[in-house]
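Keep in mind the model is a prediction, meaning the values are calculated, not measured.
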Amino acid sequence: MSWVANVMISTDHADAATVEALSHWLRDEAPRREQPGVVGVGSLRLITGPAALWGGAKRPECAVWAGVLNHADLAALRNRVAAAPWREPNAVQLLVMDQEESFFRLWMIREGSLEQYAPLAPSEEGADFYRER
């Protein structure tokens, strides 16, 4: 059985080494949700760069990494991102969509603190979130 979280992180290009260190931590040291003593939940991969092709005639001009994490302790991930030695912390954007969620949550560092910016509501738990069920 797995519990999947989709994760993307966008940073300034100067912070590539910090994201690589985060990816190694995710692969080798990150704690698993509700599995004390078990570590390793996945990794991140750069999805932008010279060879990246998205829709449109131009190439992306941003630095974005993505990964699918298995049984990740997302609070530990947020704490690790908040404590990382970012060169440009105001450029860090962490997007997380946990299993059974329908949209990404956006986290950004402001004044030294990782804060959720969007969306805060509505929640998938609300009776009126989905039009039809």
With side-chain contact (heavy atoms from CB on, under 4.5 Å) as the criterion, how do D98 and W3 come out once you've worked through the C-alpha distance, each side chain's angles and the decisive distance to 0.1 Å? CA-CA 8 Å; D98 203 4; W3 189 269; 2.9 Å; yes

Please tabulate, one pair per line, all N/O donor-acceptor pairs under 3.5 Å involving side-chain atoms of residues 35-48, not counting sequence neighbours.
| unit_1 | atom_1 | unit_2 | atom_2 | d |
| --- | --- | --- | --- | --- |
| T48 | OG1 | C62 | O | 2.9 |
| T48 | OG1 | V64 | N | 3.1 |

Verify the cluster assignment for Y117 and F104: are they in a single hydrophobic cluster under the rule of side-chain heavy atoms below 4.5 Å apart? yes

Heavy-atom side-chain proximity of D12 to R87 below 4.5 angstrom: no

Closest non-hydrogen atom pair between M97 and S102, with its separation: SD-C, 3.7 Å

Quick one: are T11 and W86 in side-chain contact, heavy atoms under 4.5 Å? yes

Determine whether more than 12 heavy atoms belonging to other residues, nucleotides or ligands lie under 6.0 Å from atom CZ of R59. yes

Any chain of hydrophobic side-chain contacts (each under 4.5 Å) joining L114 to V7? yes

Check for me, please, whether L95 and W65 land in the same ILVMFWY cluster - side-chain distances under 4.5 Å, paths through other members count. no

Closest approach of D15 to E88 (non-hydrogen atoms, all atoms of both residues): OD2-N, 3.1 Å

Indicate, with yes or no, if L94 and L74 share a hydrophobic cluster defined by side-chain heavy-atom contacts under 4.5 Å among Ile, Leu, Val, Met, Phe, Trp and Tyr. yes

Tested for side chain to side chain contact (heavy atoms under 4.5 Å, CB included) against T18, the lone hit among S23, P85, P89 is P85

Can you measure from CG (N90) to CZ (R110) and round to the nearest 0.5 angstrom? 4.5 Å

Applying salt bridge (Lys or Arg N to Asp or Glu O under 4.0 Å), name anything that partners E101, two or more places apart in sequence or on another chain. R105

In one Ile/Leu/Val/Met/Phe/Trp/Tyr side-chain cluster, 4.5 Å: W25, V19: yes

Drop me the distance from R33's CZ to H71's NE2, to the nearest 0.5 angstrom. 9.0 Å

